[in-house]
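Take a look at the structure below.
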Amino acid sequence: MIVLFLGIVNFGVVLAQQLSISNSARRAARFAVVDVEGRACGDIEAEARNAAITIGMGPSDPTYALSGATGPCERPCADSTDTTDLKVTLTYHSNFVVPMPIPGFPAGVDIAGEGVFRCEYN
């Protein structure tokens, strides 16, 4: 019964982290494709990291990657075509909050989230 309870707790924490990672990657991708004057490279990453804060995960924890950019980081959609997609990926290794007392059971899982949006300007 205790093992079942521990599993439910761990599942809940990992699910919250997965939802946060997915939502923040999507939010950062949307943030990146909207052309705003003066937006710097670090602003896109900060948007992704700050939106990912949740149970057991801080803003510096997820690994951030931006792909599909056709222009400089300040304007990632510069020189894009109408079929250019910009993708933000966040990954994180989630260690279980409560270790499972089962031999050979992993100590955590890898989670990832992707946000993909079409460039709105060129």
Side-chain angles (χ1 to χ4, degrees):
M1 188 66 151
I2 291 175
V3 172
L4 179 64
F5 176 73
L6 297 177
I8 291 169
V9 169
N10 284 330
F11 176 79
V13 170
V14 171
L15 179 63
Q17 291 172 340
Q18 177 62 54
L19 290 170
S20 180
I21 287 279
S22 295
N23 288 335
S24 61
R26 187 172 46 255
R27 180 175 169 171
R30 177 74 181 126
F31 183 81
V33 299
V34 176
D35 191 21
V36 174
E37 191 67 35
R39 184 174 288 167
C41 300
D43 294 339
I44 300 167
E45 183 173 357
E47 181 72 15
R49 292 182 179 281
N50 291 334
I53 299 170
T54 191
I55 302 169
M57 188 169 60
S60 62
D61 293 337
T63 303
Y64 164 84
L66 174 69
S67 61
T70 56
C73 195
E74 290 80 17
R75 295 195 67 221
C77 288
D79 302 323
S80 65
T81 65
D82 59 352
T83 60
T84 302
D85 289 335
L86 191 96
K87 180 168 69 171
V88 172
T89 306
L90 292 174
T91 56
Y92 177 66
H93 179 76
S94 176
N95 290 316
F96 293 133
V97 176
V98 182
M100 296 298 287
I102 300 171
F105 200 81
V109 293
D110 292 326
I111 57 177
E114 256 184 22
V116 180
F117 275 87
R118 178 122 331 136
C119 287
E120 295 183 352
Y121 66 93
N122 55 19

- Query: Among pairs that include at least one residue of residues 94-104, which meet side-chain hydrogen bond (donor to acceptor under 3.5 Å, both in side chains), considering only residues two or more places apart or in two chains?
  - Reply: Gln17-Ser94, His93-Asn95
- Is there a path of hydrophobic side-chain contacts, each under 4.5 Å between heavy atoms of I, L, V, M, F, W or Y residues, that connects Val13 with Leu15? no
- Check whether any side-chain heavy atom of Leu66 lies under 4.5 Å from a side-chain heavy atom of Leu86, and answer yes or no. yes
- Message: Which heavy atom of Ala52 sits nearest to which heavy atom of Met57, and what is that distance?
- Response: O-CE, 2.9 Å
- Message: With a 4.5 Å cut-off on side-chain heavy atoms, are Ile111 and Thr91 touching?
- Response: no
- Item | Nearest atoms (heavy-atom pairs only) where Ile21 meets Ala112 | CG2-C, 3.6 Å
- Message: Let me check something: do Phe96 and Leu4 share a hydrophobic cluster, defined by ILVMFWY side-chain heavy atoms less than 4.5 Å apart, either directly or through other members?
- Response: no
- Please identify each residue that fulfils side chain to side chain donor-acceptor pair (under 3.5 Å) with Thr83, with sequence neighbours left out. Thr81
- Query: Is Thr84 reaching over with its side chain to a backbone N or O of Cys119, donor-acceptor style, under 3.5 angstrom?
  - Reply: no
- Message: Hydrophobic cluster membership, with links at side-chain heavy-atom distances under 4.5 Å among I/L/V/M/F/W/Y: are Leu19 and Leu90 in one?
- Response: no
- Which residues satisfy the side-chain contact (heavy atoms from CB on, under 4.5 Å) test with Ile2, sequence neighbours excluded? Leu6
- Got a sec, which residues hit side chain to side chain donor-acceptor pair (under 3.5 Å) with Ser22, two or more places apart in sequence or on another chain? Gln18
- Query: Is Phe105 reachable from Phe5 through a run of I, L, V, M, F, W or Y residues, each pair having side-chain heavy atoms under 4.5 Å apart?
  - Reply: yes
- Message: Show the nearest heavy-atom pair for residues Ser80 and Cys77, with the distance to one decimal.
- Response: OG-O, 2.7 Å
- Item | N/O donor-acceptor pair under 3.5 Å between Arg27 side chain and Ala48 backbone | no
- Item | Validation row: Ile53, Ser20 side chains within 4.5 angstrom (heavy atoms) | no
- Message: For residues Val34 and Val116: do they belong to one hydrophobic cluster (side chain heavy atoms under 4.5 Å, members Ile, Leu, Val, Met, Phe, Trp, Tyr)?
- Response: no
- How far does CZ of Arg30 sit from CD of Glu47, to the nearest 0.5 angstrom? 12.0 Å
- Min side-chain heavy-atom separation Asp43-Phe31 under 4.5 Å: yes
- Message: Checking the side chain of Asn10 only, and the main-chain atoms of Val97 only, is there a donor and an acceptor separated by less than 3.5 Å?
- Response: yes
- By salt bridge (Lys or Arg N to Asp or Glu O under 4.0 Å), Arg26 pairs with (sequence neighbours left out) none
- Query: Do Val88 and Tyr64 come close enough that some side-chain heavy atom pair is under 4.5 Å?
  - Reply: yes
- Task: State, to 0.1 Å, how close Asp82 and Arg118 come at their nearest heavy-atom pair, and which atoms those are.
- Result: O-CD, 2.9 Å
- Query: OG1/Thr54 to CG/Asp61 distance, rounded to the nearest 0.5 angstrom?
  - Reply: 11.5 Å
- Note on the structure: By side chain to side chain donor-acceptor pair (under 3.5 Å), Asn50 pairs with (sequence neighbours left out) none
